[in-house]
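What follows is a single structure, written as structure tokens, with notes after it.
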Amino acid sequence: MQYKRIFLLVLDSLGVGEASDAEKYNDTGTNTLGHIIKETDAFIPNLKKIGLTNTLKMNEEKEVDAYYTIATPNNAGKDSLNGHYEMMGIISDIPFKTFNDGFPIEILNSIEYTTGRRTLGNKCCNNSIDIINELGEIATNYGSLIIYTSADSDLQVAANEEIIPVSTLHEYCEKIREITLREEWMIGRVIARPFSGKAGNFKLSLTGRKDYAIKPPKKTVLDYLNENNYNVIGIGKINDIFDKEGINKTIKASSNNEVINKLTSIMDKKFTGLCMANLSDFDSLYGHTRDVEGYSKALEEFDVNIPIILNKLEVDDLLILTADHGNDPTYKGSDHTRENVPVILYSRNFLEPKRLPILNTLADIGATIADNFEVTSPEIGTSIMDKLK
């Protein structure tokens with residue numbers, strides 16, 4: 001074992017240029033990080049120092065503190081589930097569906113028939129409280145369900161818990177989960193979002209949210225680590241993405257700042273294994289809404305935390321920064337974009353960090369983690385542990 005602890009940070013949607021098959025996804029010319037820097041001149045000196053900006057053109061940089069390269073996506077689709085699945089060693093040819101323009105009437109009819117409740121909304125909304133403030137009073141008066149999506153592969157169901165108890169909403173979502181498993185409607189997650197209060201003072205429930213995700217179709221590196229009694233810590237939406245499979249400690253966090261606070265707290269603990277975190281604000285708050293300035297500021301805020309994170313690493317720790325897909329805020333529409341992702345590897349004991357060869361799949365990340373802890377290798381991916389010196 002070369003590293004006792006590995007910290008894997010997924011910068012959700014931070015692609016670094018169109019993938020080789022981008023044309024297939026109508027994403028030719030996309031480049032999330034590149035276009036943000038071009039449009040805003042984002043000030044990210046710490047990320048630059050560890051090679052992030054070098055991944056845009058894969059130019060050789062000698063004065064760099066980390067190994068850097070890019071990885072090309074292989075799994076079908078450009079959703080979070082398939083990106084994370086591939087990262088942890090699963091081949092998937094199922095592109096999970098997104099419904100940014102609303103769900104088909106057939107889905108809504110099925111939901112209404114199954115639950116006996118009217119549905120409202122049926123649109124894309126990245127901030128749950130916004131649509132609840134808009135439709136919450138009507139939903140409360142008529143006992144209706146508010147149906148919406150965040151533009152990811154999800155179907156969210158909001159209801160006033162004073163009218164529809166949380167336990168009943170969970171039952172509804174279990175049934176909706178079954179409805180949305182049909183091949184033409186294959187949605188990654190159904191999410192129960194209970195709220196309370198009255199018009200002008202609605203509040204989301206902090207404890208009643210529940211995610212109904214699709215379980216990974218096969219074992220991942222997380223499972224192999226867990227089976228070998230290593231710590232597998234998931235921060236943020238990691239637990240939801242893998243539907244709890246292979247994770248033995250879950251830490252809830254929503255915003256980027258909260259995820260970073262929980263991460264730095266965990267870094268003060270003694271453990272052996274993997275800590276995996278997802279910084280979802282980049283995607284949900286700024287990528288999908290095509291907010292270039294907001295995305296840039298979020299990157300600058302993250303950059304300020306890089307020295308804090310690096311200083312907390314022990315000599316036998318490894319930090320990996322990557323992404324699961326792109327979401328170019330300068331591009332048309334509000335969907336994810338098919339892009340290569342950056343791969344940054346940092347350790348205090350590196351003697352001569354530099355550019356690495358391009359990785360043919362995101363699964364090389366998982367394979368490297370498996371290799372380090374000497375557990376079963378995933379079905380795809382090749383370890384690059386021997387290149388880290």
Side-chain angles (χ1 to χ4, degrees), residues 12-13 19 21-27 73-117 119 121-125 145-157 169-193 210-220 223 237 239-246 283-284 288 324-327 333-339 361-363 378-380:
D12 203 311
S13 84
D21 59 355
E23 184 177 2
K24 174 183 174 182
Y25 294 86
N26 296 315
D27 288 335
N74 284 252
N75 277 353
K78 47 186 178 179
D79 54 87
S80 294
L81 264 69
N82 268 332
H84 284 77
Y85 282 1
E86 183 176 337
M87 202 180 301
M88 288 295 110
I90 288 182
I91 298 172
S92 176
D93 59 1
I94 302 173
F96 295 102
K97 301 294 193 299
T98 57
F99 296 92
N100 299 347
D101 297 322
F103 299 100
I105 190 64
E106 292 84 0
I107 290 182
L108 300 179
N109 288 342
S110 295
I111 292 173
E112 292 186 347
Y113 177 80
T114 301
T115 64
R117 301 278 182 177
T119 59
N122 190 30
K123 61 182 181 179
C124 180
C125 182
L145 303 172
I146 302 173
I147 305 295
Y148 62 102
T149 179
S150 71
D152 208 335
S153 183
D154 61 36
L155 185 155
Q156 306 202 39
V157 188
L169 179 60
H170 289 172
E171 290 175 7
Y172 289 163
C173 287
E174 288 177 5
K175 295 175 180 178
I176 295 170
R177 171 72 283 180
E178 293 300 315
I179 292 170
T180 56
L181 288 177
R182 285 173 50 175
E183 184 175 352
E184 66 270 30
W185 299 341
M186 185 64 74
I187 297 172
R189 287 183 295 160
V190 171
I191 305 173
R193 302 304 301 258
K210 191 169 182 179
D211 291 56
Y212 298 83
I214 294 176
K215 288 188 179 298
K218 296 180 181 179
K219 286 186 177 181
T220 70
D223 294 297
K237 70 178 188 181
N239 190 59
D240 298 331
I241 287 172
F242 291 98
D243 198 32
K244 309 179 184 66
E245 295 294 307
D283 185 50
S284 61
H288 286 305
D324 49 349
H325 50 72
N327 201 344
S334 60
D335 198 4
H336 294 154
T337 46
R338 183 71 164 183
E339 297 183 48
T361 169
L362 278 66
E379 62 177 341
I380 54 173

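Numbers for residues simply follow the sequence, beginning at 1.
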Backbone N/O of Asn82 and side chain of Asn75: donor-acceptor pair under 3.5 Å: yes
query: Do you know which two heavy atoms are closest between Ile90 and Pro216, and how far apart they sit?
result: CD1-CB, 3.7 Å
- request: Heavy atoms only: give me the nearest Ile214-Arg177 pair and the separation to one decimal.
  value: CG1-NH1, 3.6 Å
message: List the residues meeting side-chain hydrogen bond (donor to acceptor under 3.5 Å, both in side chains) with Ser150, not counting sequence neighbours, and say none if there are none.
response: Asp154
task: Verify side chain to side chain contact (heavy atoms under 4.5 Å, CB included) between Val157 and Thr115, making sure each step is shown before the conclusion.
output: CA-CA 12 Å; Val157 188; Thr115 64; over 6 Å; no
message: Restricting to side-chain hydrogen bond (donor to acceptor under 3.5 Å, both in side chains), what partner residues turn up for Asp211, sequence neighbours left out?
response: Arg189, Arg209
query: Is Glu106 atom CD crowded by more than 12 heavy atoms from other residues, nucleotides or ligands, each under 6.0 Å away?
result: yes
- prompt: Closest approach of Ser153 and Lys97, non-hydrogen atoms and distance?
  reply: OG-O, 2.7 Å
- request: Taking atom CD of Glu184 as the centre, report whether more than 12 heavy atoms of other residues, nucleotides or ligands fall under 6.0 Å from it.
  value: yes
query: For Asp101, which residues count as a salt bridge (Lys or Arg N to Asp or Glu O under 4.0 Å) partner, sequence neighbours excluded?
result: none
task: State, to 0.1 Å, how close Asn100 and Cys124 come at their nearest heavy-atom pair, and which atoms those are.
output: O-CB, 3.5 Å
task: Determine whether Lys237 and Asp152 make a side-chain contact, defined as any pair of heavy atoms from C-beta on separated by less than 4.5 Å.
output: yes
- request: Look up atom OG in Ser110 and atom NZ in Lys175, then write down how far apart they are to the nearest 0.5 Å.
  value: 13.5 Å
query: How long is the gap from CG on Leu108 to CZ on Phe103, to the nearest 0.5 Å?
result: 8.0 Å
query: Does the side chain of Met186 come within less than 4.5 Å of Thr180's, by heavy atoms?
result: no
field: Between Thr361 and Glu86, a side-chain donor and acceptor under 3.5 Å
entry: yes
field: Reported OH-to-CD1 distance for the pair Tyr85 and Ile241, which is rounded to 0.5 angstrom
entry: 9.0 Å
query: Do you know which two heavy atoms are closest between Ala192 and Cys173, and how far apart they sit?
result: CB-SG, 3.6 Å
query: Name the one of Asp283, Asp27, Asp21 that satisfies salt bridge (Lys or Arg N to Asp or Glu O under 4.0 Å) with Lys78?
result: Asp27
task: Kindly say whether Ala76 contributes a backbone atom to a donor-acceptor pair with the side chain of Asp93 at under 3.5 angstrom?
output: no
message: With a 4.5 Å cut-off on side-chain heavy atoms, are Ile107 and Leu155 touching?
response: yes
- prompt: How long is the gap from NZ on Lys244 to NZ on Lys215, to the nearest 0.5 Å?
  reply: 6.5 Å
- request: For the residue pair Asn74 and Ile91, establish whether any side-chain heavy-atom pair is separated by less than 4.5 Å.
  value: no
query: Residues two or more places apart in sequence or in another chain: which of them pass salt bridge (Lys or Arg N to Asp or Glu O under 4.0 Å) with Glu379?
result: Lys218
No-hydrogen, no-angle side-chain donor-acceptor test under 3.5 Å, His336 and Asp324: no
Partners meeting salt bridge (Lys or Arg N to Asp or Glu O under 4.0 Å) with Asp223 (sequence neighbours left out): none
Point-to-point distance, once rounded to the nearest 0.5 Å, from CD1 of Ile146 to NZ of Lys123: 10.0 Å
- prompt: Are the side chain of Tyr212 and the backbone of His170 linked by a donor-acceptor contact shorter than 3.5 Å?
  reply: yes
query: Could you state the interatomic distance from NE2 (His325) to CG (Asn327), rounded to the nearest 0.5 Å?
result: 7.0 Å
field: Residue pair Leu145 / Tyr172: nearest heavy atoms and the distance that separates them
entry: CD2-CD1, 4.1 Å
message: Using the salt bridge (Lys or Arg N to Asp or Glu O under 4.0 Å) criterion, which residues pair with Asp79? Sequence neighbours excluded.
response: none
message: Less than 4.5 Å apart, side chain to side chain, heavy atoms only: is that true for Pro104 and Phe99?
response: yes
